[in-house]
Engineer: 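One structure, pasted below without further comment.
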Amino acid sequence: MADYRAQDAAQKNETRDTVSGIVDSIIYQNEENGYTVCEIEDTTGAPVTLAGIIPYLTEGDKITAAGAWVTHPQYGRQFRVDSYEKVLPAEEGDILRYLASGAIKGIGPRTAQRIVDKFGTDSFEVISDHPDWLADIPGITAKKAADISERFKAMSGARSVMMFCRDFFTPQTAMKIYKRWGGSAVDRIRENPYRLCEEFWGIGFNRADQIAMHLGLAPDSDERVLHAAVYVLRSEAARSGHTCLPQTELVRCTRDLLFGEEATEENAAAVSAAVERGIELLKLIPCRRQDGEQLVFDPRYYTAETYAAAKLKEIRRLTPQISRADAVRLIEKTEAQSGIEYAAAQKEALLAAISEGVMILTGGPGTGKTTIIKGLISIFTSLDYDIALAAPTGRAAKRMSEATSYEAKTIHRLLEMDFSEETEPHFLRGSENPLDADVLIIDEASMIDSLLLESLLRAAKRGTRLILIGDADQLPSVGAGNVLGDIIASGVFTTVRLTEIFRQGNESLIITNAHRINEGLMPILDRRDADFFFLRRTTEEGIRDTVIDLVVNRLPRSYGEEIRDRIQVLTPSKKGLSGTDTLNPGLQAALNPPAPRKGEHRSRDRVFRVGDRVMQTKNNYQIEWETALGDSGMGIYNGDIGTITGFDAEEHVFEVRFDERVCRLDFEQLDELDHAYAITVHKSQGSEYPVVILPLYDCAPMLLSRNLLYTAVSRASKMVILVGREQVLAQMVANNRHFIRCTMLEEFLRGE
């Protein structure tokens, strides 16, 4: 379980300079993200160029900015703004200049002069509080006066949000809050600061809690403790995949988050009472296991698992039956047409898929899962059934299409994803608008999490057959839940496990070794003429240096420069000398060093550069993309890998190509990207790479597991290279302990 005491630390304090002055001119302004470049005249009369997130700035504004002096490679010395204070001008001349600048739509130079002539230094107060007075001025109708006032108050609202948030957030985050909540943002924050960590990516509980304490909320208040408990449940879902927690564990984690080592018995009692109150208010949902243990759910995961269990059993009950004799005839007909003679286990899988409403097919690489899919397509097409093929990721769907010559979509695209909020998907297909498909065939089902399963099942019409295909021995989904594992463990539906190797069985040591690992046997390491290699290295430095040298020099020298784009380094952990936090900077420096005309931008503690391989680290359903063929859509998902193709420092935007999809993003969205020269094995799920390099080094014991090693090896299609210690490899093969996710889908399926 995560240690919450050390999470979400405050930003580092750093020495900053300040400059003050009147805005003389606006050089550039992005209305979407607030990025502004302007020139001010400072207190000495010297011109100063400011650049940063300064929304709704206009000529005549008086500003005091904090930040640092930097030298832009093209535009020279300028002041990078980290935070600022802005006040409206007070003198008549400055007020006139402000209004005449066009800052407020509907007021031009002539109207500005008339307003200042009539109201003088009270002009802003009149515009804000007495717009009807403006109608006395020629050219301003009552409606126009009201519009002017609304625009002015909207600008004032942005200013108040930025000012209120400056002690807690970066200008970028404050701008996100304003764009979502508008001028009411400050009131919403004051009313309930904890909504920030619930509704905004990147704002943790501790930051929201800091604001709550600043506003005077008592440390042991029921409201604070309840929000902390909800946060713990949601954090455990995101971090560890739990859809629920034992109530005792929830109380302990919440207590640690709020009070740490100084927690008293009174604190523990307050947390227990708040959790009980949350249950009474239905903000937390209790559920008791068959062994009597009390679990607590976040309501959305309780709904997802109970609905999924009920719908799966309904599908089994209501799907039209096809007799076994008819199913056998359909299989024999397909064998005759395709010239394929199915093995016994494959026939068993086909029979179950044809005759039952829900069927699960699992097996490792090379065991013939694709052959089964092709056979099912042939059989169901002959019955004139509408078939839909889908997978959780774009890459998996693409591989499915190529292997079967039948269109496959991502589950999100199949469900016709729309969006309503930044962090939550909304699907146009659901119970009110179900899919037309008579048969749903879902590949890479081990990647499906509880919320996505619920959405898929809501869109399945009555009578739809559901066939889930995946490798049950791989790591579970990135999202919360243990969908494939729980469905299989319930024993409610027919599950067929394929074990006989067909594809490349005699030639591919990758497939042979993947199955050996899965059986708890050491992989074959001494063949030099195969596609599976082991390079022994004993030191952390030696492992790291060899991995980098393989990518940069050794493999390109042997197989050609083009192989670099086909290599993916997978590593068990982010930490350590062979973790992603170290390998990515090393590989970036070697493969994509800085150059005079190569655009780049620093975000957090790293530099992103044109040509960098990057990975999206969260689902973002609002990102728009288009392809060279003119197709367009929305949504880039956690785990999608792309390449940065351009930076536009002037507009504060950059471009990324994710396969065929090209996106134009704000600089602030660099927070959602990581470098992907090396990625964790967990992030590789559902993908396939021609060449996989896996460093084997000492890291957290829970990561040195058989299913992690098996997942990494099974991601490769052409070559696997293991680099490191043989004892670490042996430890991973021997460690068949699975990290248990706390879920209830299995018990819900078994229940009546």
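Note that the structure is predicted; figures quoted are calculated from it, not measured.
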Engineer: Please step through side chain to side chain contact (heavy atoms under 4.5 Å, CB included) for the pair L250 and T254, ending with a clear verdict.
Structural biologist: CA-CA 6 Å; L250 175 60; T254 305; 3.8 Å; yes
Engineer: Between R750 and E746 (side chain of the first, backbone of the second, donor and acceptor by atom type, cut-off under 3.5 Å), is there such a pair?
Structural biologist: no
Engineer: Under the criterion salt bridge (charged side-chain N to carboxylate O under 4.0 Å, His left out), I'd like the reasoning laid out for R80 against D82: C-alpha separation, chi angles, the key distance, then a yes or no.
Structural biologist: CA-CA 6 Å; R80 187 195 68 217; D82 295 328; 3.4 Å; yes
Engineer: Sub-3.5 Å donor-acceptor pair from the side chain of T303 to the main-chain atoms of R300, do we have one?
Structural biologist: no
Engineer: How long is the gap from CG on L745 to OG on S450, to the nearest 0.5 Å?
Structural biologist: 6.5 Å
Engineer: Could you measure the distance from the CG atom of L57 to the OG1 atom of T36? Nearest 0.5 Å is fine.
Structural biologist: 6.0 Å
Engineer: Report the relative orientation of the aromatic rings in H227 and Y194; use parallel for angles under 30°, tilted for 30 to 60°, perpendicular for over 60°.
Structural biologist: parallel
Engineer: ring-ring contact (aromatic ring centres under 6.0 Å, His included) for Y637 and H412? Distances and angles first, verdict last.
Structural biologist: CA-CA 10 Å; Y637 308 113; H412 288 81; 4.5 Å; yes
Engineer: Do D666 and Y35 meet the criterion of a side-chain donor-acceptor pair at a distance under 3.5 Å?
Structural biologist: no
Engineer: Answer yes or no: is there a donor N or O on one side and an acceptor on the other, between the side chain of D581 and the main chain of K575, under 3.5 Å?
Structural biologist: no
Engineer: When you look at N707 and Q474, which way does the side-chain hydrogen bond (donor to acceptor under 3.5 Å, both in side chains) test go after all the steps?
Structural biologist: CA-CA 6 Å; N707 67 339; Q474 288 187 24; over 6 Å; no
Engineer: Let me see the working for E199 and R180 under salt bridge (charged side-chain N to carboxylate O under 4.0 Å, His left out), right down to the final yes or no.
Structural biologist: CA-CA 10 Å; E199 297 193 29; R180 173 83 67 84; 3.7 Å; yes
Engineer: Go through it in stages, so that I can follow the logic: the residues are L696 and M732, the test is side chain to side chain contact (heavy atoms under 4.5 Å, CB included), and I'd like the CA-CA distance, side-chain angles, deciding distance and then a yes or no.
Structural biologist: CA-CA 9 Å; L696 301 174; M732 296 180 80; 3.8 Å; yes
Engineer: Looking only at heavy atoms, which two atoms of V186 and V161 are closest? And how far apart?
Structural biologist: CG2-CA, 3.8 Å
Engineer: Whether R289 and E747 form a salt bridge (side-chain N of Lys/Arg under 4.0 Å from carboxylate O of Asp/Glu) is what I want to check.
Structural biologist: yes
Engineer: Decide yes or no for S477 and R741: does some side-chain heavy atom of the first lie under 4.5 Å from some side-chain heavy atom of the second?
Structural biologist: yes
Engineer: Would you sort out whether I189 and L196 count as a side chain to side chain contact (heavy atoms under 4.5 Å, CB included), showing the intermediate values?
Structural biologist: CA-CA 7 Å; I189 294 171; L196 291 165; 4.2 Å; yes
Engineer: Give a yes or no on this: more than 12 heavy atoms of other residues, nucleotides or ligands lie within 6.0 Å of atom CZ of R737.
Structural biologist: no
Engineer: Counting only N and O atoms by type, is there a donor-acceptor contact under 3.5 Å from the side chain of S272 to the main-chain atoms of A268?
Structural biologist: yes
Engineer: Would you please indicate yes or no on a ring centroid separation below 6.0 angstrom for H601 and F654?
Structural biologist: no
Engineer: Please answer whether the main-chain N or O of V232 pairs with a side-chain N or O of S235 as donor and acceptor at a distance below 3.5 Å.
Structural biologist: no
Engineer: H242 vs Y301, test: ring-ring contact (aromatic ring centres under 6.0 Å, His included). Steps then yes/no.
Structural biologist: CA-CA 9 Å; H242 303 304; Y301 285 106; over 10 Å; no
Engineer: Are any of the side-chain heavy atoms of P572 and Y697 separated by less than 4.5 Å?
Structural biologist: yes
Engineer: In terms of side-chain geometry, is the basic nitrogen of D298 or R234 positioned less than 4.0 Å from the acidic oxygen of its partner?
Structural biologist: yes
Engineer: To the closest 0.5 Å, what do you measure between CD1 (I487) and CG (N482)?
Structural biologist: 9.5 Å
Engineer: Taking all non-hydrogen atoms of both residues into account, name the closest pair between P246 and C742 and its distance.
Structural biologist: CD-SG, 3.9 Å
Engineer: Assess the residue pair K683 and T580 against the criterion (side chain to side chain contact (heavy atoms under 4.5 Å, CB included)); give the C-alpha distance rounded to whole Å, side-chain angles, the decisive distance to 0.1 Å, and a yes or no.
Structural biologist: CA-CA 11 Å; K683 289 288 190 180; T580 58; over 6 Å; no
Engineer: Would a distance-only check, ignoring hydrogens and angles, find a side-chain to backbone donor-acceptor pair under 3.5 Å from K574 to G579?
Structural biologist: no
Engineer: If you round to the nearest 0.5 Å, how far is CD1 of I636 from CD of Q669?
Structural biologist: 10.5 Å
Engineer: Under the 3.5 angstrom rule, does the side chain of Q247 hit a backbone N or O of E293 as a donor-acceptor pair?
Structural biologist: no
Engineer: Do the charged groups of D222 and R224 touch, with an N to O distance under 4.0 Å?
Structural biologist: no
Engineer: Under a 4.5 Å cut-off applied to non-hydrogen side-chain atoms, are I203 and T173 in contact?
Structural biologist: yes
Engineer: OG/S184 to CZ/R190 distance, rounded to the nearest 0.5 angstrom?
Structural biologist: 13.5 Å
Engineer: Would E266 and T264 count as a side-chain hydrogen bond (donor to acceptor under 3.5 Å, both in side chains) here? Give the steps.
Structural biologist: CA-CA 5 Å; E266 289 79 7; T264 64; 3.3 Å; yes
Engineer: Going by an N to O cut-off under 4.0 Å, is there a salt bridge joining E249 and R252?
Structural biologist: yes
Engineer: What closest approach, in Å, do L226 and A274 show between heavy atoms, and which atom pair accounts for it?
Structural biologist: CD1-O, 3.8 Å
Engineer: From F205 CZ over to Y231 OH, what is the distance, rounded to the nearest 0.5 angstrom?
Structural biologist: 8.5 Å
Engineer: Please walk me through it: do D674 and R606 pass salt bridge (charged side-chain N to carboxylate O under 4.0 Å, His left out)?
Structural biologist: CA-CA 9 Å; D674 275 337; R606 64 202 69 183; 2.7 Å; yes
Engineer: If we ignore hydrogens and angles and just use 3.5 Å, is the side chain of Q685 paired with the main-chain N or O of L475 as donor and acceptor?
Structural biologist: yes
Engineer: Can you tell me if T243 uses its side chain to pair, donor with acceptor, with the backbone of G481 under 3.5 Å?
Structural biologist: no
Engineer: Answer whether the closest heavy-atom distance between the side chains of V19 and W69 falls below 4.5 Å.
Structural biologist: yes
Engineer: Heavy atoms, side chains only, cut-off 4.5 Å: are K283 and P299 in contact?
Structural biologist: no
Engineer: Any sub-3.5 Å donor-acceptor pair from E600's side-chain atoms to V607's backbone N or O?
Structural biologist: no
Engineer: Can you find a pair of side-chain heavy atoms, one from I641 and one from V614, that are under 4.5 Å apart?
Structural biologist: no
Engineer: With a 4.5 Å limit on heavy-atom distance, are the side chains of V478 and D449 in contact?
Structural biologist: no
Engineer: Under 3.5 Å, is there a donor on one side chain and an acceptor on the other for Q616 and E672?
Structural biologist: yes
Engineer: Just jot down the salt bridge (Lys or Arg N to Asp or Glu O under 4.0 Å) partners of R725, sequence neighbours excluded, or say none.
Structural biologist: E540, D698
Engineer: Side chains of V569 and Y677: does their closest heavy-atom pair fall under 4.5 Å?
Structural biologist: no
